[in-house]
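Everything below concerns the one structure shown next.
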Amino acid sequence: MATQKKKTTSKCAKEKRRFGPFSPISQRILAINIIALCYLAGGVLYLGEYQDRLIENELSAMEAEANIFAKSLAETSSILSPLDRYELSSDKTKQLVRSISDEARQRIRVFNRFGFLEADSRQLSSSHGRIKVQELPPIGEVSSFAELGATIYGWFLRLMPDQAPLAPYIERSQQMADHYLPSWSALQGETRKMVMQDQEGAMVLAVGVPVQRYRTVMGAVMITRSSDKITQDIVEVRTAIVQLFGVTLLLTTLLSIYLAGTIARPLLHLANAADSVRQGKGNRREIPDYSKRGDEIGELSAALRDMTESLWARMDAIDSFAADVAHELKNPLTSLNSAVETLDRVKKEEHRENLLAIIKDDVKRLDRLITDISSASRLDAELSRSENTRVDLVELVKEMEHFHNSTHDAEDDVKVELTLPEEGTLYVQGVKSRITQVLHNLISNAASFSPEGANIKIALCKKNKEALISCEDSGPGIPENKLAAIFDRFYSERPVNEDFGKHSGLGLSISKQIIDAHKGTICAENRLDAEGNILGARFIIRLPLSTT
């Protein structure tokens with residue numbers, strides 16, 4: 001059930017990697033870039049401050065014109081009433097308004113001091129009454145594209161933050177000064193500029209200026225203008241921004257797709273390749289090499305390739321180890337099977353005892369092999385789980401010397417001699433128990449080859465950034481063509497006087513495995529005299545010194 005669940009999960013994981021034209025990473029990159037760009041464009045298109053400046057400039061210009069017109073009225077259209085009070089002449093005021101009001105989008109109204117309308121640039125008097133002047137829209141049909149643009153523009157404006165509410169601008173048939181705040185304020189002797197809103201929602205700019213002579217307010221001038229020019233200016237600016245936004249959006253989209261492709265596609269290829277490695281049955285699968293990219297994906301690719309190579313090497317080592325184990329176990333089992341089969345046919349007690357002794361030796365050999373094989377198979381896992389600590393090699397070799405010299409057999413005269421470094425201490429990072437196991441294997445191996453009365457020499461020194469440990473014996477040495485082979489599993493080159501099968505041939509192999517795990521090296525060489533004669537064997541261990 002558990003196996004079936006794992007297979008189902010793996011299948012689902014692989015199906016999830018079959019993305020459409022845009023992977024999730026591509027979609028996120030596109031969304032982040034486009035949303036950020038749209039937000040920026042929206043803020044620019046709002047143009048609130050720009051519009052306020054345009055309105056303020058327009059009102060200032062209107063105020064200057066209203067002041068000039070008010071002064072002209074005060075000089076040319078004022079008359080002295082019977083009450084010795086200056087008042088505006090209705091005829092002169094209308095004549096002056098008609099003469100200067102030549103701008104269609106601007107409207108000038110003059111109110112007398114009682115608030116009644118004296119003149120209006122949009123109303124002309126004739127024998128048939130008053131004629132109302134109104135600006136007509138431009139001739140020509142508006143294109144559907146322009147209507148669509150206007151509709152989208154209006155929709156966009158409605159999405160913008162609301163401005164402060166504007167005072168209403170209402171046209172009445174009988175106009176009075178108190179109908180409009182600018183003109184009413186002007187009659188009070190105060191100049192007032194305002195932005196108002198008509199019934200259609202359009203802005204109307206209004207300025208009210210008092211008409212004064214000798215500080216006497218004779219009336220008020222109110223100039224109003226539509227906001228069409230301001231709106232047109234903002235539309236033109238926004239149109240340019242929209243065009244730039246469209247080009248930028250296109251470039252951003254293309255660059256985002258390219259960026260997403262350089263990230264998402266390699267990751268997808270790496271994931272599929274890793275899945276192929278996992279599902280591969282005997283076929284060696286390669287991980288795509290992106291290491292030349294020089295970025296994080298390149299680092300990931302290199303790490304996955306190294307991991308895959310390590311896995312293949314581990315699998316090859318397991319296959320080789322299994323084959324070696326089968327071969328080594330087959331020999332004692334064959335001997336044991338032969339002895340057991342022969343035991344039933346042997347009648348002499350002496351021969352039966354010899355066969356039983358062979359059986360006991362084979363059982364002991366099998367037990368020793370199984371124990372060493374079990375230790376070797378668990379070594380990698382134990383080394384990966386064990387925590388490295390700071391190991392003092394000087395103290396370690398002293399402990400090994402004391403242990404060997406105090407526990408060896410009385411008839412065995414082989415002792416350990418130490419040569420310590422002048423520095424006093426040498427530290428390495430590693431697992432102390434495993435480094436101790438290596439030294440114990442080397443000392444035991446040297447003791448088995450050394451003649452009686454000879455000593456094993458252990459020397460410890462520092463060279464560059466490494467700690468060197470050498471173990472020398474006075475034995476027959478190692479054949480030159482076997483200096484590397486002695487570290488192979490189950491290789492055994494024992495003294496002629498030693499019982500067969502006493503060693504499994506895994507000691508040096510395990511030692512090399514431990515030293516390799518500590519990022520060090522171990523090698524063997526022969527000690528030679530001046531004439532080239534072999535004086536014994538020497539094993540050299542190099543371990544990187546601890547930097548902390």
Side-chain angles (χ1 to χ4, degrees), residues 306 309-325 327-328 368-386 388 391 393 396-397 400 404 426 428-449 456-461 463 465-473 475 477-494 502-527 536-545:
D306 292 342
E309 290 299 322
S310 178
L311 286 175
W312 283 115
R314 181 68 59 85
M315 292 174 63
D316 292 342
I318 291 173
D319 292 342
S320 176
F321 184 74
D324 292 342
V325 167
H327 175 74
E328 291 298 321
R368 185 165 48 252
L369 276 172
I370 291 172
T371 301
D372 289 346
I373 289 169
S374 176
S375 176
S377 63
R378 294 196 309 267
L379 184 59
D380 279 342
E382 292 179 2
L383 286 173
S384 63
R385 288 194 298 264
S386 300
N388 287 345
V391 181
L393 291 181
L396 182 59
V397 295
M400 293 301 301
H404 178 81
L426 288 178
V428 296
Q429 290 291 126
V431 182
K432 183 178 179 180
S433 60
R434 290 303 179 179
I435 298 176
T436 302
Q437 180 181 356
V438 173
L439 293 178
H440 177 73
N441 287 343
L442 294 182
I443 292 173
S444 298
N445 188 70
S448 65
F449 283 97
I456 301 170
K457 297 181 180 180
I458 304 292
L460 180 62
C461 66
K463 186 174 183 182
K465 296 182 179 180
E466 293 180 325
L468 269 64
I469 308 173
S470 65
C471 178
E472 299 179 356
D473 62 37
I478 305 169
E480 290 295 329
N481 61 341
K482 300 294 184 181
L483 290 175
I486 59 174
F487 294 103
D488 294 341
R489 283 190 299 267
F490 302 111
Y491 177 86
S492 182
E493 188 81 24
R494 307 309 304 173
K502 188 176 180 181
H503 291 83
S504 63
L506 288 173
L508 290 179
S509 174
I510 291 175
S511 298
K512 186 177 186 304
Q513 193 175 355
I514 293 172
I515 296 301
D516 289 343
H518 285 77
K519 303 186 186 318
T521 59
I522 182 172
C523 62
E525 62 184 19
N526 287 316
R527 297 170 51 230
R538 179 188 295 115
F539 288 83
I540 302 173
I541 299 173
R542 289 179 171 85
L543 291 172
L545 290 172

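Positions are given from 1, in the same order as the sequence printed here. Predicted, not measured: the structure shown is a model, and the values here were computed from it.
Rounding to the nearest 0.5 Å places CE of Met400 at 8.0 Å from CD1 of Ile458. To the nearest 0.5 Å, the span separating CG on Asn445 from CZ on Phe539 amounts to 5.0 Å. Ile541 contributes atom CD1, which lies 5.0 Å from atom CG of Leu442 (distance to the nearest 0.5 angstrom). Here the CD1-CD1 distance, from Ile510 to Ile515, works out to 12.5 Å after rounding to the nearest 0.5 Å. Distance check, rounded to the nearest 0.5 Å: CD1 of Ile540 to OG1 of Thr521 gives 9.0 Å. To the nearest 0.5 angstrom, Ser470 atom OG is 10.0 Å from Lys457 atom NZ.
Contact record, Leu426 with Ala467: CD1-CB, 4.3 Å, taken as the closest heavy-atom pair. Pairing each heavy atom of Leu545 with each of Val428, the nearest pair is CA-CG1, 4.3 Å. The heavy-atom pair separating Ile443 from Ile456 by the smallest distance is O-CD1, 3.5 Å. Of all heavy-atom pairs spanning Ala524 and Ile486, the tightest one is CB-CD1, 3.7 Å.
Under the 3.5 Å distance criterion, the side-chain polar atoms of Asp473 are left unmatched by any main-chain donor or acceptor of Gly536. Between the side chain of Arg542 and the backbone N or O of Cys523, no donor-acceptor pair lies under 3.5 Å. Within the 3.5 Å criterion, the main-chain N or O of Val431 finds a donor-acceptor partner in the side chain of His518.
Side-chain contact between Asn441 and Leu508: absent, with no pair of heavy atoms (C-beta onward) separated by less than 4.5 Å. Within the 4.5 Å cutoff, the side chain of Leu439 has no heavy atoms near those of the Thr436 side chain.
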